[in-house]
Amino acid sequence: MNRDQAPSSLGLGVLGIAFCLTTQFLRYADVHKMNLRALRIVQDTPFELVNEAGSLKAVAHPLDTHIFLHGEESDERMEKLLVMAQNTCFLHGLLAHPRDPVVEVEVNGVALAA
């Protein structure tokens, strides 16, 4: 078995969401000179494979994100930070307003059948 494999697309997507949120938290905290000592994000991202008419389909269930902030700021400022990060992370926005994906795959310029 070859262990040189890339992460799954679902794994990369989940990582992207956490990275996007983290980036927005840290940018906002820096711009507003907030005393933020630590930031931790814990996500539960349940997916399942469903067999529909002989074809496997990945189904995502609601994302459950827990954010832990530690610093010398008031609860009000920390809450403002949470709201800002949620509102400016484009991936988080996509989850709030999902769209059906369209995937087209080509290998060496040849389209693969769906």
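Atom set for the values below is all heavy atoms of this structure, side chains included, hydrogens, waters and symmetry mates excluded. Nothing here was measured: the structure is a model prediction, and the numbers come from that model.
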- Give the cluster check for Val105 versus Val102: same hydrophobic cluster or not, with ILVMFWY residues linked at side-chain heavy-atom distances below 4.5 Å. no
- Heavy atoms only: give me the nearest Gly71-Met78 pair and the separation to one decimal. N-CE, 3.7 Å
- Task: Please indicate whether Glu48 has more than 12 foreign heavy atoms, meaning atoms of other residues, nucleotides or ligands, lying under 6.0 Å from its CD.
- Result: yes
- Query: Restricting to pairs with a member in residues 26-80, which pass ring-ring contact (aromatic ring centres under 6.0 Å, His included), not counting sequence neighbours?
  - Reply: Tyr28-His32
- Task: Tell me, please, which residues at least two apart from Ser74 pass side chain to side chain contact (heavy atoms under 4.5 Å, CB included).
- Result: Glu76, Arg77
- Message: Taking side chain to side chain contact (heavy atoms under 4.5 Å, CB included) as the definition, give me every residue that meets it alongside Pro62, ordered by chain and number, with sequence neighbours left out.
- Response: none
- Message: Starting from Phe19 and following side-chain heavy-atom contacts under 4.5 Å between hydrophobic residues (I, L, V, M, F, W, Y), which residues can be reached?
- Response: none
- Query: If every non-hydrogen atom of Ala85 is compared with every non-hydrogen atom of Leu21, which pair is closest and at what distance?
  - Reply: O-CD2, 3.9 Å
- Message: Using the side chain to side chain contact (heavy atoms under 4.5 Å, CB included) criterion, which residues pair with Glu79? Sequence neighbours excluded.
- Response: none
- Exactly one candidate in Ile41, Val42, Leu81 meets side-chain contact (heavy atoms from CB on, under 4.5 Å) with Ile67; the answer is Ile41
Could you pull out all donor-acceptor pairs under 3.5 Å where a side-chain atom in residues 50-58 meets a protein atom, sequence neighbours excluded?
| residue | atom | partner | partner atom | Å |
| --- | --- | --- | --- | --- |
| Asn51 | OD1 | Gly54 | N | 3.0 |
| Asn51 | OD1 | Ser55 | N | 3.3 |

- Rounded to the nearest 0.5 Å, the CD1 atom of Ile17 sits from the OG1 atom of Thr22 at a distance of 11.5 Å
- Item | Any Leu82 side-chain heavy atom under 4.5 Å of Leu69 side chain | yes
- Item | Pairs meeting criterion side-chain hydrogen bond (donor to acceptor under 3.5 Å, both in side chains) with involvement of residues 80-90, two or more places apart | Gln24-Thr88
- Message: Could you work out, with side chain to side chain contact (heavy atoms under 4.5 Å, CB included) as the rule, every residue matching Val110, not counting sequence neighbours?
- Response: none
For residues 33-40, which side-chain donor-acceptor pairs fall under 3.5 Å, sequence neighbours excluded?
| residue | atom | partner | partner atom | Å |
| --- | --- | --- | --- | --- |
| Arg37 | NH1 | Glu72 | OE2 | 2.1 |

